[in-house]
Structures are given as C-alpha cells and as structure tokens.
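Beneath this line is the structure, given in structure tokens, with notes to follow.
The structure presented is a predicted model; accordingly, all values stated were derived computationally and were not measured. In what follows, chains carry the letters A, B, and so on, assigned in the order in which the sequence lines appear, proteins first and then strands, with residues in each chain numbered from 1.
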Protein chains: 2
Amino acid sequence: MAIISKSSEYGLRAALYIAARPVGDYVSIGEMSQKLGISFHFLTKILQKLTQGGLLKSRRGAKGGIALAKPADTISLLDIVENVDGADLFGGCILGLVGCGVKRPCPLHQHWSRERTRIEAMFRKMTLQRLACETARNQLRLAD
Amino acid sequence: MAIISKSSEYGLRAALYIAARPVGDYVSIGEMSQKLGISFHFLTKILQKLTQGGLLKSRRGAKGGIALAKPADTISLLDIVENVDGADLFGGCILGLVGCGVKRPCPLHQHWSRERTRIEAMFRKMTLQRLACETARNQLRLAD
DNA sequence: TCCAATTAAGACAATGATGTCTTATATTAG
DNA sequence: CTAATATAAGACATCATTGTCTTAATTGGA
C-alpha cells in the first residue's frame, strides 16, 4: 500500500519539475512526460486537475505548456495531494470505521491521530519553493 | 487514499476481536463477520492468510474457529499488517521512485523517512494485548 | 492564411483490490 | 454412522485506479 496515489506522485513530481524552471516558464507536458517517464495522456489529466484547482495554469498551442499559477513558496505539497486525491489526506479512521473521532474513537484513534497530524504538518510546510531549492542544491532526482 | 488496505483493516479488527476474548478461545468467523460487519467469505480469506503466516491458528468443524497462535503481547499490529499487505509497510519511496534511498534519494526521502520510521515504530510497539486492554478499559468499538 | 505544436476532453482498456459464491474437507455431538 | 457446524480453497463478479487512444480546440509563427 503506497502512502499516496500514483496520480499524486505524478502530480508532485511534475510540479517540482516546473518549480525548478525559471519563474513564469511554461513547460510542455510532452517534455515532462519524457523526462519523468510518465504516460503523456495520464499526466495531462492530472495536470488538468491541478490547473482547474488553481495551483497551475496552462496555455494551449505553440509555446504553450504548464506553469505555476502562484509563487512557488505559496504552494505546498499538501495543496497538491489534496487537490489530486481529494481533501483530508489521511483523514479517515485507520481501521475504516465511519464516525471515528474523539467522541466515538476506535482503539487506534488517539495513537494514529498523533502521527497523522505530524505527517499533515510536514506536507503543509513543504513548499515547492523549498523542495525545488533543496533538489537543485543537492542534485536530487525526480525520475528513476 | 487510506493508509492501509481494507484487508489489513479487517485483519486488525478481527485480531483485536479475538484478543478481547478469553485466552485460547476459538472464535468462529461467522460470529466475527456478523459483529464486525465484514463479508464472511472475504474475512475468511484474510484470516487464512494470517493463519498461514503463523499469527493465528484455526480449527475446523463444530466448535471450530480462529484463535491467536501466540500470546497477545507477542503479536504487534505491524506483524498483522505486514502479513496481510506484504512486508515493508510504507517501505517504498513516497514519490514512487525505484531505488530511492540514502544513496540516491528523491527530494522527499529524508523528510518522509523520518515520519515513516515513527509510524512503523508505533505499529511495532502496539501489541494485541495492549490494544485489547485499552479497548476494554475505555469501552472502545471495533465496528461502525 | 495555413501549418505545426500544444492542451482539453472524454471514450475505452487493463489491472488490482474488493466482494460473492460454490464445493470440498474436517470436527464434534448424538 | 450420520448430521450439523466450521474452515479451506478457488472460481467468479464488481469496482476504482491506472493507463491508452482519438478527436477537438487553441495558439504562435512562417
């Protein structure tokens, strides 16, 4: 079981790829598809979602592509994952019980909610700006 | 995206259900299926896996059922989830990159591995004994 | 104007997880 | 021995995710 969906993985990698480029650059999906090793059409659909969600913006036609819709330091990984996979990242009960919460907790509720809060905080404070920076500085990779 | 599979959820809930019963009791799958609101045949398959994995033991025929194969304080939630979902709980790269690790890390590797370690530790130190205890003491629930 | 490049949109296929059903086998009680 | 009660095993159906393909719409440049 992966922690986030393939779609989110692809969305994050593409967003980081764009963030690594000069501000305002429109990057074509074809280029990202090649460089990141992701199916072109599948990536297109994911980026469309992020565009409709207001995190990215697109331009059709020659010299078109995808760009960040906002400054890179205002887009968090949480923004992206929630936009792709739907809100509340790991919101649900870890045992799958409906209505699990402080009022009617499952046996794992308090233990898990502590961890979940940490993960969410991590995703929230990781911005494209910060990660793109670290990625460049340490020469990290976005593809296999 | 759930954190563990439905199969693991069901396996955990059933194991906790058994752990709440007197030591050595064989609990029928039919009873658990009803009380936990889980499909009988599906639950059967999951419990078979746990039985083959040596965490539970089964007895066929009248008065048969499923029991813990070891003392409840020697079975952790990690044991169960790994037996059902496969090893390395959240082992993979969060961005899905193959070969991601300290040698060739992805941009999120170090940030995520810190969290992953904590989660794994939590799952490892949570035993059926301890959780069944807390569950009884605080009258927690295993079903909707 | 026309062509090439590019995203938009949606139909469709492949895959894996989840859930259902049927038959076989083992165990206990009478 | 027989009947009732259980698990074992595996075929099959359903569903969501992932991936592919085709057609339409838009843009910039020759």
Side-chain angles (χ1 to χ4, degrees), chain A residues 1-15 17-18 25-69 81 83-86 92 95-96, chain B residues 1-15 17-18 25-69 81 83-86 92 95-96:
Chain A
M1 199 94 185
I3 197 74
I4 57 177
S5 68
K6 274 268 176 254
S7 296
S8 277
E9 285 176 11
Y10 295 164
L12 287 176
R13 288 167 59 200
Y17 187 90
I18 297 171
D25 250 34
Y26 279 79
V27 187
S28 86
I29 302 178
E31 176 188 338
M32 290 190 277
S33 158
Q34 279 204 320
K35 294 290 181 59
L36 299 178
I38 302 172
S39 147
F40 172 81
H41 294 288
F42 192 34
L43 183 55
T44 295
K45 283 195 295 192
I46 296 163
L47 295 179
Q48 266 174 40
K49 218 172 185 180
L50 290 169
T51 298
Q52 288 161 357
L55 297 172
L56 304 179
K57 59 186 174 184
S58 68
R59 202 165 56 185
R60 296 212 262 202
K63 300 283 176 73
I66 309 285
L68 301 187
V81 175
N83 192 91
V84 174
D85 278 348
L95 290 183
Chain B
M1 199 92 185
I3 198 74
I4 58 178
S5 69
K6 274 268 176 252
S7 297
S8 277
E9 286 176 12
Y10 294 164
L12 287 176
R13 287 166 59 199
Y17 187 90
I18 297 171
D25 250 34
Y26 279 79
V27 187
S28 87
I29 303 177
E31 176 187 337
M32 290 190 277
S33 158
Q34 279 203 320
K35 293 291 181 57
L36 300 177
I38 301 172
S39 147
F40 171 82
H41 294 287
F42 193 33
L43 182 55
T44 296
K45 284 195 296 190
I46 296 164
L47 295 180
Q48 267 173 39
K49 218 172 187 180
L50 290 169
T51 298
Q52 288 160 357
L55 297 172
L56 303 179
K57 59 186 175 184
S58 68
R59 202 164 58 184
R60 298 214 260 202
K63 299 283 175 73
I66 309 285
L68 300 187
V81 175
N83 191 91
V84 174
D85 278 349
L95 290 183

Can you give me the closest heavy-atom contact between [X] and [Y], atom names plus distance?
X: Ala14(A); Y: Leu43(A); answer: CB-CD1, 4.0 Å
X: Tyr26(B); Y: Lys63(B); answer: CB-O, 4.3 Å
X: Glu9(B); Y: Ala2(B); answer: OE2-CB, 4.4 Å

Original post:
Is a donor on one side and an acceptor on the other found under 3.5 Å between the side chain of Arg13(B) and the backbone of Leu36(B)?
Top reply: yes
Separation of [N] [atom2] from [X] [atom1] (nearest whole Å):
X: Glu9(B); N: dA17(C); atom1: CD; atom2: P; result: 15 Å
X: Lys49(B); N: dG19(C); atom1: NZ; atom2: P; result: 14 Å
X: Tyr26(B); N: dT28(C); atom1: OH; atom2: C1'; result: 14 Å
X: Ile46(A); N: dA9(C); atom1: CD1; atom2: C1'; result: 15 Å

Subject >> Pairs meeting criterion side chain to side chain donor-acceptor pair (under 3.5 Å) with involvement of residues 31-51 of chain A, two or more places apart >> reply: Tyr17(A)-Glu31(A), Arg21(A)-Glu31(A)
**OP:** Starting at the 5' end of nucleotides 8-21 of chain D, put B wherever the base has a protein heavy atom under 4.0 Å, S where only the sugar-phosphate does, and a dash everywhere else.
**Re:** BB-B------SBBB
Subject >> 4.5 Å side-chain heavy-atom contact, Ile38(A) and Ile46(A) >> reply: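 SC-SC contact between Ile38(A) and Ile46(A) ruled out.
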Subject >> Upstream residue (5' side of DNA chain C) when Lys63(B) and Val27(A) are each assigned their closest nucleotide >> reply: Val27(A)
